[in-house]
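What you see is a predicted model, and the numbers here were worked out from it, not measured in a lab. Letters go in sequence order (proteins before strands), and every chain restarts at 1.
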Amino acid sequence: MAVSEYLLVRTLHVLTASLLTGGTALLWLAFRVDDVAVALLTWFEGFFWAGAGLIVFTGLGNLVAFGVPGPGTTRGAALSIKLGVIFALVVGSLVRTFAVARYGRADVQAVNEDDDWLRQLYAATGWGLAAIIVLAGVLARGL
Amino acid sequence: MVSRWRALEVVATATAALAMVVVSAVLAGHVNGGLTDVLLEIDTPTAGILFGYLWLLTLVAAADLEITRHEPADGSSRGPLRAVGWTAGTGAGIALVYLTVVFIVGFVAPGPGSIDPGSVAVGRVVGGGTAAGAGIGGVAGAILHGCDRAAAAVTTVESQRNE
């Protein structure tokens with residue numbers, strides 16, 4: 001029973017992380033190609049925050065499953081850095097979501113290349129998520 | 001009828017506040033060395049209910065909160081200090097309701113982590129938790145307000161409208 005519980009938690013964690021990283025990278029690329037519909041950005045932002053809540057919860061389950069390393073070890077340092085990166089990612093993502101909501105309220109239909117900041121926020125989110133995935137690898141198996 | 005932009009802001013605000021609190025608590029527990037004891041004490045379904053209930057409370061609280069500043073129709077936009085005071089009060093309210101309900105459930109169905117049901121011990125934890133909730137709410141409010149100001153600075157609404 002305990003094995004299947006942890007397997008479910010791990011699967012949800014990895015799937016959600018993959019979907020968030022892939023979705024962010026896709027939108028970043030979309031900004032380079034053409035205007036991006038605000039409706040699409042809004043859907044992604046809603047999905048992003050639902051996924052963020054799920055990933056935080058399943059992350060706690062993963063800590064139980066893999067064990068919490070001591071703060072003085074390499075894996076412990078990876079956990080501290082990972083938590084710091086997650087905090088920064090959450091704050092940066094709030095700016096991104098509030099920016100999308102502002103466009104929606106202003107009846108903007110699509111965001112074009114004039115908004116370089118929004119494109120960079122999606123890029124930063126993608127790189128932040130990639131850094132978290134690398135740190136998760138170190139946390140699970142060491143260097 | 002709530003607009004989808006408002007719904008998005010509420011979900012983002014609540015989830016971000018919850019994530020910041022949980023991540024900070026885990027980091028503090030990790031650095032101080034008490035994280036393992038806390039995590040191993042709670043099984044997955046119970047942890048899911050505790051986390052889900054806290055998420056629900058923050059969603060309800062965020063729905064009543066106006067952190068983001070829009071073109072105010074009646075000029076009633078909150079200043080930063082008032083907004084932070086408002087979130088501090090909300091944080092205290094969430095902590096008070098959450099701890100009270102969790103303790104009541106804990107007394108009805110005691111688990112290994114339950115505390116002594118004496119009124120002084122419970123009162124101390126609830127009082128301390130409520131004060132901590134106010135502090136956390138104030139900090140979260142300042143961060144949320146900063147994020148809203150940053151979003152206002154980076155958006156190019158007029159330029160996008162003219163396309």
Side-chain angles (χ1 to χ4, degrees), chain A residues 2 5-6 8-9 35 38-39 42-43 45-46 48-53 55-57 59-61 63-64 67-71 76 79-80 82-84 86-87 89-112 114-118 120-121, chain B residues 3-20 22-24 26-33 35-40 42-45 47-48 51-52 55 58-59 67-68 70-71 143-144 146-163:
Chain A
E5 225 171 59
Y6 286 131
L8 175 69
V9 166
D35 299 353
V38 173
T42 307
W43 271 103
E45 293 302 329
F48 181 91
W49 287 108
I55 221 166
V56 168
F57 173 67
L60 294 176
L63 275 180
V64 175
V68 182
L79 176 61
S80 300
K82 187 185 175 193
L83 292 169
I86 292 171
F87 194 96
L89 187 77
V90 167
V91 174
S93 295
L94 259 182
V95 177
R96 200 192 60 230
T97 303
F98 284 166
V100 170
R102 275 179 183 276
Y103 282 132
R105 280 182 194 279
D107 279 333
V108 172
Q109 298 300 312
V111 181
N112 60 26
D114 280 356
D115 193 340
D116 197 43
W117 272 105
L118 194 57
Q120 288 183 15
L121 279 171
Chain B
S3 79
R4 61 179 157 156
W5 321 116
R6 176 68 188 142
L8 177 63
E9 283 172 355
V10 168
V11 170
T13 303
T15 312
L18 177 67
M20 287 190 287
V22 171
V23 166
S24 304
V26 171
L27 185 57
H30 173 56
V31 172
N32 295 327
L35 181 60
T36 313
D37 302 336
V38 177
L39 287 179
L40 289 178
I42 311 169
D43 58 285
T44 307
F51 187 84
W55 200 352
T58 52
L59 276 169
I67 281 291
T68 49
H70 317 294
E71 306 77 39
I143 293 172
L144 290 167
C147 288
D148 181 51
R149 295 293 81 208
V154 301
T155 46
T156 54
V157 171
E158 287 311 315
S159 159
Q160 303 289 342
R161 261 184 183 154
N162 295 333
E163 286 298 313

[atom2] on [Y] to [atom1] on [X], rounded to 0.5 Å:
| X | Y | atom1 | atom2 | answer |
| --- | --- | --- | --- | --- |
| B/Ile143 | A/Phe87 | CD1 | CZ | 4.0 Å |
| B/Trp5 | A/Tyr103 | CH2 | OH | 13.0 Å |
| B/Leu27 | A/Ile86 | CG | CD1 | 10.0 Å |

In plain terms, say whether B/Glu9 and A/Arg105 are close enough for a salt bridge, that is, a side-chain N and a carboxylate O under 4.0 Å apart. yes
Which one, [options], leads in non-hydrogen pairs under 4.5 Å with chain B?
| options | result |
| --- | --- |
| A/Val9, A/Val100, A/Val68 | A/Val68 |
| A/Ala52, A/Gly76, A/Gly61, A/Gly92 | A/Gly76 |
| A/Ser80, A/Pro69, A/Gly84, A/Gly70 | A/Ser80 |
| A/Thr42, A/Leu121, A/Ile55 | A/Thr42 |

Heavy-atom pair of closest approach, residues [X] and [Y]:
| X | Y | value |
| --- | --- | --- |
| A/Ala99 | B/Ala151 | N-CB, 3.6 Å |
| A/Phe57 | B/Gly48 | CZ-CA, 3.3 Å |
| B/Trp55 | A/Gly53 | CH2-CA, 3.4 Å |
| B/Leu8 | A/Gly46 | CD1-N, 3.6 Å |

Would you find more than 12 non-hydrogen atoms of other residues, nucleotides or ligands less than 6.0 Å from A/Gln120 atom CD? yes
Given a strict heavy-atom distance threshold of 4.5 Å, which part of [X] is in contact with chain A: side chain, backbone, both, or neither?
| X | answer |
| --- | --- |
| B/Leu18 | neither |
| B/Ala152 | both |
| B/Val22 | side chain |

Please classify the contact of A/Leu118 with chain B as side chain, backbone, both or neither, using a heavy-atom distance under 4.5 Å. neither
Please say which of A/Thr97, A/Val90, A/Leu94 ends up in a side-chain contact (heavy atoms from CB on, under 4.5 Å) with B/Cys147. A/Leu94
When you measure from the side chain of B/His30 to the backbone of A/Leu79, do you find a donor-acceptor pair of N or O atoms at a distance under 3.5 Å? no
Intermediate values then yes/no, side-chain contact (heavy atoms from CB on, under 4.5 Å), A/Phe98 and B/Thr13: CA-CA 9 Å; A/Phe98 284 166; B/Thr13 303; 3.8 Å; yes
Validation row: A/Lys82, B/Val23 side chains within 4.5 angstrom (heavy atoms): no
Which of B/Val31, B/Val26, B/Asn32 touches chain A most, by non-hydrogen pairs under 4.5 Å: B/Val26
